[in-house]
There are 2 protein chains.
Amino acid sequence: MRASQYLIATLKETPADAEVVSHQLMLRAGMIRKLASGLYTWLPMGLRVLRKVEAIVRTEMDKSGAQEVLMPAVQPAELWEESGRWFQYGSELLRLKDRHERDFCVGPTHEEVITDLIRNELKSYKQLPANFYQIQTKFRDERRPRFGLMRAREFLMKDAYSFHASTSSLDDTYQIMYQTYHNIFTRLGLEFRAVQADSGSIGGNSSHEFHVLAQSGEDAIAFSNESDFAANIELAAAIPETTERPAATQDMMKVATPEQKTIEAVSTFLKVSPQQTIKTLIVHGEEENTLVALVLRGDHTLNEIKAEKLTSVAEPLQFASDAEIKAACGAEPGSIGPVGLGIEVIVDRSAAVLGDFVCGANEDHMHLTGVNWERDCTPTRIEDIRNVLEGDLSPDGKGTLEIKRGIEVGHIFKLGNKYSAAMNASVLDENGKAVIMEMGCYGIGVSRIVASSIEQNHDDNGIIWPASIAPFSLVLVPLNMHKSEVVAQKAEELYNRFTEMGVDVLLDDRNERPGVKFADMELIGIPHRVVISERGLKQGTLEYKGRQDSESQDIAVDEAITYLNQKLES
Amino acid sequence: MRASQYLIATLKETPADAEVVSHQLMLRAGMIRKLASGLYTWLPMGLRVLRKVEAIVRTEMDKSGAQEVLMPAVQPAELWEESGRWFQYGSELLRLKDRHERDFCVGPTHEEVITDLIRNELKSYKQLPANFYQIQTKFRDERRPRFGLMRAREFLMKDAYSFHASTSSLDDTYQIMYQTYHNIFTRLGLEFRAVQADSGSIGGNSSHEFHVLAQSGEDAIAFSNESDFAANIELAAAIPETTERPAATQDMMKVATPEQKTIEAVSTFLKVSPQQTIKTLIVHGEEENTLVALVLRGDHTLNEIKAEKLTSVAEPLQFASDAEIKAACGAEPGSIGPVGLGIEVIVDRSAAVLGDFVCGANEDHMHLTGVNWERDCTPTRIEDIRNVLEGDLSPDGKGTLEIKRGIEVGHIFKLGNKYSAAMNASVLDENGKAVIMEMGCYGIGVSRIVASSIEQNHDDNGIIWPASIAPFSLVLVPLNMHKSEVVAQKAEELYNRFTEMGVDVLLDDRNERPGVKFADMELIGIPHRVVISERGLKQGTLEYKGRQDSESQDIAVDEAITYLNQKLES
């Protein structure tokens with residue numbers, strides 16, 4: 001491609017309303033433009049990236065044996081009524097009426113449509129398993145679209161749906177999809193983790209999220225440094241303590257802790273480590289007008305997802321107000337503890353193995369030291385309610401945990417018979433008996449991958465694309481091409497040569513200053529750059545620079561093709 | 001692809017609600033399924049065809065220098081208000097409100113969005129011309145969707161929009177697009193015609209439609225057998241008569257023609273050829289309560305589009321009622337003629353060169369013979385108001401006209417400044433002065449092409465795909481594969497060989513009777529079929545049959561690859 005005949009729409013200024021770096025860089029590099037809130041037009045430069053991501057996803061899905069279909073974006077309400085989602089789904093479902101006043105929606109997902117299709121097409125267990133996918137434009141009417149493509153309203157999605165006569169067949173396809181997703185994200189050149197997204201049971205595999213790791217990620221992910229264990233921190237189980245609770249060595253004593261309200265303040269004041277203290281949080285109970293105490297080791301934080309799943313705790317989790325705490329416990333929040341508390345006390349497993357610990361005395365400005373479970377107060381229950389910490393042992397027993405932030409770009413999920421039962425999608429089994437099919441669903445946010453790739457790979461100068469999805473692999477920058485015939489000739493020669501070789505090469509033949517070209521090409525993130533200058537050609541050299549190299553280097557003109565081929569292949 | 005692992009969803013019965021052959025065959029061959037009125041899901045077999053069409057369109061558009069973009073399907077009302085179309089566009093525009101009650105539509109076309117984009121991105125005449133296209137899902141809320149993909153509500157479209165600083169630049173790009181469309185439809189393997197779609201002025205080229213020729217086409221197209229002249233019959237100009245009107249040789253006489261009301265009846269009764277008679281049609285005039293007579297040669301038919309464009313004729317054309325005719329002319333419709341008629345008389349050019357002709361006498365059951373213009377009655381005006389006939393001289397002076405029916409699948413159009421002026425889309429010219437851009441737009445109905453290809457190419461057994469868009473190029477049909485090891489082995493060998501060669505090959509390894517397989521593959525329309533049987537292999541032969549061959553033929557196993565390669569390439 002010749003840059004002079006291509007829309008290079010780079011911007012010098014960072015648009016004011018772009019909050020995250022991928023949004024900023026995609027606007028600045030001329031990849032996308034906003035049409036309206038949450039609606040973006042893909043410019044030629046950005047679309048090249050999107051199409052490359054799409055092609056990788058398609059190739060790997062085809063390899064997995066999935067069959068591509070294409071379903072309408074606009075879907076009739078009847079099917080959604082049949083599944084029950086027409087009423088359940090909130091305002092994110094973009095509903096509309098056609099000219100005959102019939103109800104439709106612009107689909108955010110296609111479970112109903114595919115289930116309807118398959119219940120009509122497949123009749124026998126012999127036709128199963130079958131897995132159908134599409135790469136298609138979806139719409140989710142986000143209340144507050146933001147972060148560019150990270151939370152857009154219209155987006156490109158790969159969604160797949162598998163159908164089975166048995167759960168073991170579903171398990172098999174689920175594993176194939178797990179591996180396929182692994183292959184896809186590996187080929188995309190992204191650092192990613194497959195994360196357990198089910199309710200934390202170790203080894204449970206009924207749902208996995210695939211996260212691209214990036215500091216700006218919305219989710220914190222805990223993963224083992226030795227195994228493939230990875231879980232959203234919200235769901236990561238803390239490994240049970242293996243140490244026994246030590247025997248009591250101190251008497252319980254009440255001490256004054258004036259104005260010391262936080263764990264840090266109290267532990268400093270009393271000269272004990274935070275690990276030797278506990279914190280007591282008061283939340284609403286499941287039964288009306290009840291409160292529940294949640295007790296954690298001082299250096300731990302509450303995992304709200306784990307807590308609200310406990311029976312006797314209200315869901316969603318609701319913290320008691322200061323007034324409620326004062327009324328129930330007799331003290332301000334800074335001085336609460338489990339001793340003598342007249343409400344249910346749920347103790348985290350790590351707090352439950354402490355001895356001689358410090359806690360609030362349920363009396364303002366007072367704490368207790370030398371407290372011991374059973375002797376001084378008895379936990380109602382011991383549970384896992386804390387967030388895991390970096391350095392914790394991995395719950396699968398292999399290695400210790402690291403914690404990084406991630407952006408969800410894929411999700412595989414065992415639907416079971418949720419949709420097939422509601423919509424009566426069955427096949428005949430070996431005995432001629434109708435059985436409701438088992439289903440799996442498998443999504444990838446195709447347009448979101450483009451943004452998350454940038455969140456993971458960028459620097460002050462712009463985007464750093466993985467080789468597999470860069471809009472162009474190589475840019476040729478001739479200096480003074482319009483004045484120097486020898487430069488123009490060499491540039492054209494190389495451009496033709498690489499084009500013939502099937503390399504995605506951009507010839508920056510724009511009538512711009514070198515500095516402008518260099519800055520644009522770094523911003524756009526083209527992996528390899530070759531500068532052709534009259535001075536260099538006189539010496540028989542070209543100047544090469546990789547996108548992440550700090551310095552450029554001279555390469556012999558004669559060896560340029562070989563040299564660049566090696567770079568392009570590496 | 002192995003058929004056993006692919007959705008072969010053929011139907012024995014023709015679905016009752018499918019009116020046209022493409023719709024019937026796409027359903028029967030398992031290419032599409034209806035989701036709701038005008039909404040279709042593409043099954044794997046159909047999607048392969050759609051993707052091949054899409055790829056050809058994309059390749060040729062890229063070659064033309066157009067740049068691919070992707071605009072949102074959902075568009076904000078503001079832009080449509082700016083262009084004025086929010087109010088002009090009828091119920092075919094699918095309007096909706098988002099969760100914040102803002103107005104949007106699901107786009108049937110993207111002039112507003114691209115014009116908004118380009119007015120923001122391009123600033124200088126130096127950046128022009130530029131041509132942007134997308135291949136994208138569109139929605140048109142048809143009042144009565146029908147004919148399957150021929151008039152669906154959701155459909156896949158290639159739409160392109162070009163921008164120019166001058167009309168001559170627009171002319172250049174228009175010509176490039178004309179040629180590109182020619183290349184696309186040629187590569188698609190379709191018989192087509194580029195048809196003038198402007199208001200009939202010869203040599204006019206501000207709009208062309210591209211029609212796939214098919215008997216079921218909605219439009220009749222007149223085209224020269226010697227030149228590239230082609231026009232929708234509604235707009236095709238009749239060439240002016242070159243003969244002089246002969247001098248009168250007969251006296252005008254009134255003759256009784258009892259019960260003879262049609263041209264055929266009258267001419268038979270009076271023993272004259274229809275070409276020697278005229279017919280007189282009475283229509284409403286442009287001014288209220290006026291009538292106008294339109295006079296044609298007896299064997300010609302009225303072109304209503306030409307007629308309603310005439311000043312003094314009401315638009316849309318409205319025929320006078322029998323009562324109105326009786327009141328104004330004094331006779332029933334079967335006996336009307338121009339002689340002594342007290343209203344404006346517009347005579348077609350071919351009728352105007354007749355002498356000694358027959359016409360109604362404006363008296364029931366009476367006609368006049370030996371009538372001559374000027375002597376007996378005077379035309380108010382002479383105009384071109386007839387439909388052209390097969391065999392007419394071509395209006396461009398080259399060859400004679402043929403008439404065929406066509407399906408519109410493409411349209412190229414000079415928009416001029418319609419949108420750019422309304423939306424103030426300008427660039428700075430050489431002198432730094434803002435000039436409104438000229439625009440062109442260029443559409444192709446990608447999904448419609450699939451259907452129209454079938455309308456053009458099918459037989460009693462099913463679809464006949466052009467090689468370039470067939471879902472599979474070659475099908476291997478092993479007989480008794482599950483019992484005969486030698487058959488299975490040869491089938492697998494050939495399948496692997498062709499797969500490696502990059503041939504789209506389908507191995508019909510289903511456990512079905514040969515007759516079922518043959519019928520399915522003919523219905524689906526795979527161009528080449530090879531049968532592998534134990535009997536044949538014993539003789540060292542395979543059985544080959546092209547989709548349109550009446551008989552199969554034996555080919556030597558050893559020469560099969562060479563033989564089939566020749567077939568696949570031809």
Side-chain angles (χ1 to χ4, degrees), chain A residues 1 5-7 9 30 33 35-37 39-44 46-48 50-51 65 67-76 78-79 90-92 94-100 102 104 106 113-114 116-117 120-122 126-127 130 132 134 136-137 139 141-143 152-154 156 511, chain B residues 1 5-7 9 30 33 35-37 39-44 46-48 50-51 65 67-76 78-79 90-92 94-100 102 104 106 113-114 116-117 120-122 126-127 130 132 134 136-137 139 141-143 152-154 156 511:
Chain A
M1 191 61 65
Q5 288 158 40
Y6 203 69
L7 186 61
R33 285 296 181 262
L35 171 61
S37 174
L39 302 179
Y40 292 89
T41 292
W42 289 84
L43 301 187
L47 187 61
R48 289 182 75 93
L50 186 72
R51 293 283 184 235
Q67 299 180 53
E68 190 174 1
V69 297
L70 182 61
M71 295 178 265
V74 174
Q75 306 178 12
E78 286 82 358
L79 292 178
S91 329
E92 287 189 0
L94 187 65
R95 295 158 210 258
L96 57 95
K97 285 180 191 293
D98 75 357
R99 64 191 292 160
H100 302 298
R102 284 178 301 225
F104 287 84
V106 185
V113 177
I114 193 80
D116 177 56
L117 178 77
N120 293 324
E121 295 303 320
L122 301 188
K126 291 182 194 166
Q127 296 171 287
F132 298 93
Q134 62 175 352
Q136 193 248 16
T137 299
F139 201 99
D141 201 3
E142 295 275 355
R143 192 176 60 79
R153 294 201 284 178
E154 193 172 315
L156 192 65
N511 199 4
Chain B
M1 190 62 64
Q5 287 157 43
Y6 203 70
L7 185 62
R33 287 295 182 263
L35 170 62
S37 174
L39 302 178
Y40 293 89
T41 291
W42 289 84
L43 300 187
L47 188 60
R48 289 182 75 93
L50 185 71
R51 294 282 184 234
Q67 300 180 54
E68 189 175 1
V69 297
L70 183 61
M71 295 179 264
V74 175
Q75 307 178 12
E78 286 81 357
L79 292 179
S91 328
E92 287 190 0
L94 187 65
R95 295 156 210 261
L96 56 95
K97 285 178 190 297
D98 75 357
R99 65 192 290 161
H100 302 297
R102 285 177 302 225
F104 287 84
V106 185
V113 176
I114 193 81
D116 177 57
L117 177 78
N120 292 324
E121 296 302 321
L122 301 189
K126 290 181 193 166
Q127 296 171 286
F132 298 94
Q134 62 175 353
Q136 193 248 15
T137 299
F139 201 98
D141 200 1
E142 294 276 355
R143 191 176 61 82
R153 294 202 285 177
E154 195 173 314
L156 192 65
N511 198 3

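Because the structure is a prediction, the values reported are computed rather than measured. Quick note on labels: first sequence line is chain A, next is B, and so on, each numbered from 1.
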In the structure I gave you, are the side-chain heavy atoms of [X] and [Y] within less than 4.5 Å of one another anywhere?
{"X": "B:L43", "Y": "B:Y6", "result": "no"}
{"X": "A:F104", "Y": "B:L39", "result": "yes"}
{"X": "B:L35", "Y": "A:P76", "result": "yes"}

I need the [X] [atom1] to [Y] [atom2] distance, nearest 0.5 Å.
{"X": "B:F132", "Y": "A:T41", "atom1": "CZ", "atom2": "OG1", "result": "11.5 Å"}
{"X": "B:D141", "Y": "A:H100", "atom1": "CG", "atom2": "NE2", "result": "6.5 Å"}
{"X": "A:R95", "Y": "B:R99", "atom1": "CZ", "atom2": "CZ", "result": "10.5 Å"}
{"X": "B:E121", "Y": "B:D116", "atom1": "CD", "atom2": "CG", "result": "9.5 Å"}

At a 4.5 Å cut-off on heavy atoms, which part of [X] comes close to chain B: side chain, backbone, both, or neither?
{"X": "A:R33", "value": "side chain"}
{"X": "A:E142", "value": "backbone"}
{"X": "A:R143", "value": "both"}
{"X": "A:L94", "value": "side chain"}
{"X": "A:A36", "value": "side chain"}
{"X": "A:K126", "value": "neither"}
{"X": "A:L7", "value": "both"}

With a 4.5 angstrom heavy-atom cut-off, is it the side chain or the backbone of [X] that approaches chain A, or both, or neither?
{"X": "B:L156", "value": "neither"}
{"X": "B:L50", "value": "side chain"}
{"X": "B:L70", "value": "both"}

Margin query: Using a 3.5 Å distance criterion without hydrogens, assess whether the side chain of B:E68 forms a donor-acceptor pair with backbone atoms of A:L47.
Written below: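 Between the backbone of A:L47 and the side chain of B:E68 there is no qualifying donor-acceptor contact (under 3.5 Å).
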Note to self: What verdict does the side-chain contact (heavy atoms from CB on, under 4.5 Å) test give for A:V113 and A:L117, after you've listed the backbone C-alpha separation in whole Å, the side-chain angles of each residue and the deciding distance to 0.1 Å?
What the structure shows: CA-CA 6 Å; A:V113 177; A:L117 178 77; 5.7 Å; no
Item checked: Partner chain B: residue of A:A9, A:S37, A:G30, A:S91 with the largest heavy-atom pair count (under 4.5 Å) ->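 Top option by heavy-atom pairs under 4.5 Å: A:S91.
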Check: When only pairs under 4.5 Å are counted, which of A:A73, A:P72, A:G65 shares the most heavy-atom pairs with chain B?
Finding: A:P72
Notebook entry, point to check: Which of the residues B:Q5, B:R48, B:K97 is involved in the greatest number of heavy-atom pairs with chain A at under 4.5 angstrom?
Noted result: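 Max contact count across the listed options: B:Q5.
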Notebook entry, point to check: Between B:Q134, B:R51, B:Q136, B:Q75, which residue shows the highest count of heavy-atom pairs closer than 4.5 Å to chain A?
Noted result: B:R51
